[in-house]
There are 2 protein chains.
Amino acid sequence: MTQEAAREPETLTPGARKILDTAAGLFYERGITAVGVDLIAREAGVTKKTLYDRFGSKDALVAAYLRERDERWRDWLTGQVGLRGDADPGERVLATFDALAAWVRRENPRGCGFVNAAAELPDPGHPGRQVIMGQKRWLRGYLRELAAAAGAREPGRLADELVLLHEGATVLNGLGIVDDAVARARDLAAAALDRGTG
Amino acid sequence: MTQEAAREPETLTPGARKILDTAAGLFYERGITAVGVDLIAREAGVTKKTLYDRFGSKDALVAAYLRERDERWRDWLTGQVGLRGDADPGERVLATFDALAAWVRRENPRGCGFVNAAAELPDPGHPGRQVIMGQKRWLRGYLRELAAAAGAREPGRLADELVLLHEGATVLNGLGIVDDAVARARDLAAAALDRGTG
DNA sequence: TCGTGAGTAGACAGATCGGTTTACTCGGCC
DNA sequence: GGCCGAGTAAACCGATCTGTCTACTCACGA
């Protein structure tokens with residue numbers, strides 16, 4: 001019986017857990033297309049049969065990788081901003097950049113995993129593509145909320161600017177051509193905030 | 001006799017020209033790893049022998065693709081800015097965003113070709129990787145010159161901010177999640193310019 | 001006790017990967 | 001006439017690609 005593929009249960013079997021962790025590392029560090037299922041299975045200490053039994057296809061595994069990364073990032077961002085629930089709304093907007101700074105230090109030496117994945121998944125029908133778009137849309141929506149709470153005259157416009165700064169900082173950080181890219185983005189965000197909430 | 005690879009003459013043979021044009025389109029639209037040399041040769045109406053006689057290896061062809069893209073972008077940017085040689089220096093900084101806006105409309109529907117390529121070329125020794133780093137360094141240096149001419153107190157810092165805005169706008173434009181991303185970047189750049197040249 | 005879900009081990013399929021090779025044609029140039 | 005650069009045509013190499021398959025083990029739960 002072929003399984004639904006692209007929908008994995010909230011609790012993974014031990015084998016599936018190892019596969020997903022291994023795939024996540026390899027996909028991010030070497031690229032999605034460049035990493036084959038044979039390599040993933042071998043590195044995870046698992047057979048290809050297990051991989052296909054659990055995930056159904058490579059595309060579905062890619063989507064699962066992106067979904068989990070998305071979830072971790074959202075939890076991290078909202079958690080960090082939540083720690084400053086008592087701060088003034090403008091501070092909370094800027095806190096997203098502090099959260100980003102810590103995140104890229106820990107998890108993003110090679111740039112945004114979603115932007116990188118998007119470069120390799122041009123097909124709009126690819127299951128991973130929808131995860132990517134969802135991630136970006138969510139971020140914009142979240143920043144828009146924070147912007148509105150901070151009294152932005154045009155929350156949508158400010159959110160656009162903040163997303164732009166987030167993405168630019170992440171990408172630049174990955175290329176290593178500008179240091180403290182996230183700090184620069186935070187500075188620009190503070191200025192945009194001033195302008196946008198006058 | 002193995003040829004030097006990665007150094008092609010300034011004038012290409014007709015076959016090499018077709019190969020490079022075809023490869024450029026395929027690499028950008030489908031990704032580098034996903035496009036094989038067989039496909040490139042077939043689409044270019046050329047045999048694989050010709051491809052290897054002219055370019056030596058796929059890696060060298062990738063580097064040639066990136067070099068030519070780099071050259072086109074530099075020519076476009078400096079050309080557009082040059083058209084406003086009589087404008088005030090601050091206007092010239094902002095003109096780089098107008099040049100970028102026209103560029104992404106014409107050539108960048110899928111985001112920055114260099115950022116996308118960097119996602120697929122993690123190996124620092126890859127010949128294409130050096131082209132990418134050179135491109136970003138050049139852009140930062142060019143913006144730094146313009147920033148200095150505009151009277152920036154810290155031209156290096158302002159250049160970092162401008163590069164960040166350029167990259168963020170390009171990436172966001174490619175993802176299609178924010179419209180007028182380049183216009184937003186231009187607004188932010190104008191504000192940064194005000195702040196940085198007080 | 002019996003069935004089931006999760007797993008190993010490993011062969012197999014057909015296609016494609018980057019890259020090499022041999023044999024040949026054609027046009028220009030000295 | 002003779003050489004050479006540029007090209008075609010097509011076979012070939014070993015490796016790897018995604019995906020399927022059979023056969024078997026093991027632990028657990030009804």
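First the proteins, then the strands, lettered A, B, ... as listed; each starts at 1.
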Quick one: is the NZ or CZ of A:Arg69 closer than 6.0 Å to the six-membered ring centre of A:Tyr28, and within 45° of its axis?
-> yes
To the nearest angstrom, the CZ-P distance between A:Arg42 and C:dA9 comes to 14 Å
Identify the heavy atoms of A:Ala159 and A:Arg140 that sit nearest to each other, and give their distance.
-> CB-O, 3.8 Å
Of A:Arg186, A:His166, A:Gln80, the residue whose pairing with A:Thr96 passes side-chain hydrogen bond (donor to acceptor under 3.5 Å, both in side chains) | A:His166
Classify the side chain of B:Lys48 versus the base of C:dG19 as yes if they form a donor-acceptor pair under 3.5 Å and no if they do not.
-> yes
Rounded to the Å, how far apart are B:Leu51 CG and D:dA10 P?
-> 18 Å
Do NZ/NE/NH1/NH2 and the carboxylate oxygens of B:Arg17 and B:Glu68 come within less than 4.0 Å?
-> yes
Does the ring of A:Trp103 carry A:Arg72 above it, NZ/CZ under 6.0 angstrom from centre and within 45° of its axis?
-> no
Distance-only polar pair, side chains of A:Glu120 and A:Thr33, donor-acceptor under 3.5 Å = yes
Sequence-aligned protein contact record of nucleotides 22-30 of chain C, with B where the base is within under 4.0 Å of a protein heavy atom and S where only the sugar-phosphate is = BB-------
Judged by atom type as modelled, is there a donor-acceptor pair below 3.5 Å linking the side chain of A:Asp88 to the main-chain atoms of A:Glu91?
-> yes
Of the nucleotides D:dT18, C:dG19, C:dG7, which has the atom closest to the A:Thr50 side chain?
-> C:dG7
OP1, OP2 of D:dT18 versus side-chain N and O of A:Ser57: anything below 4.0 Å?
-> no
Length of the line joining B:Leu12:CG and D:dG7:C1', which is rounded to integer Å | 15 Å
Any side-chain N or O of A:Thr47 less than 4.0 Å from the OP1 or OP2 oxygen of C:dG10?
-> no
Atom NZ of A:Lys18 and atom C1' of C:dA6: how far apart are they, to the nearest Å?
-> 11 Å
Can you tell me if CD on A:Glu29 sees more than 12 non-hydrogen neighbours from other groups inside 6.0 Å?
-> no
Qualifying residue, where the test is side chain to side chain contact (heavy atoms under 4.5 Å, CB included) with A:Leu139 and the options are A:Arg74, A:Arg144, A:Glu167 | A:Glu167
Selection: residues 21-40 of chain A, any non-hydrogen atom under 4.0 Å of DNA chain D = A:Val35, A:Gly36, A:Val37, A:Asp38
Think B:Arg54 has a side-chain N or O under 4.0 angstrom from the OP1 or OP2 of D:dG7?
-> yes
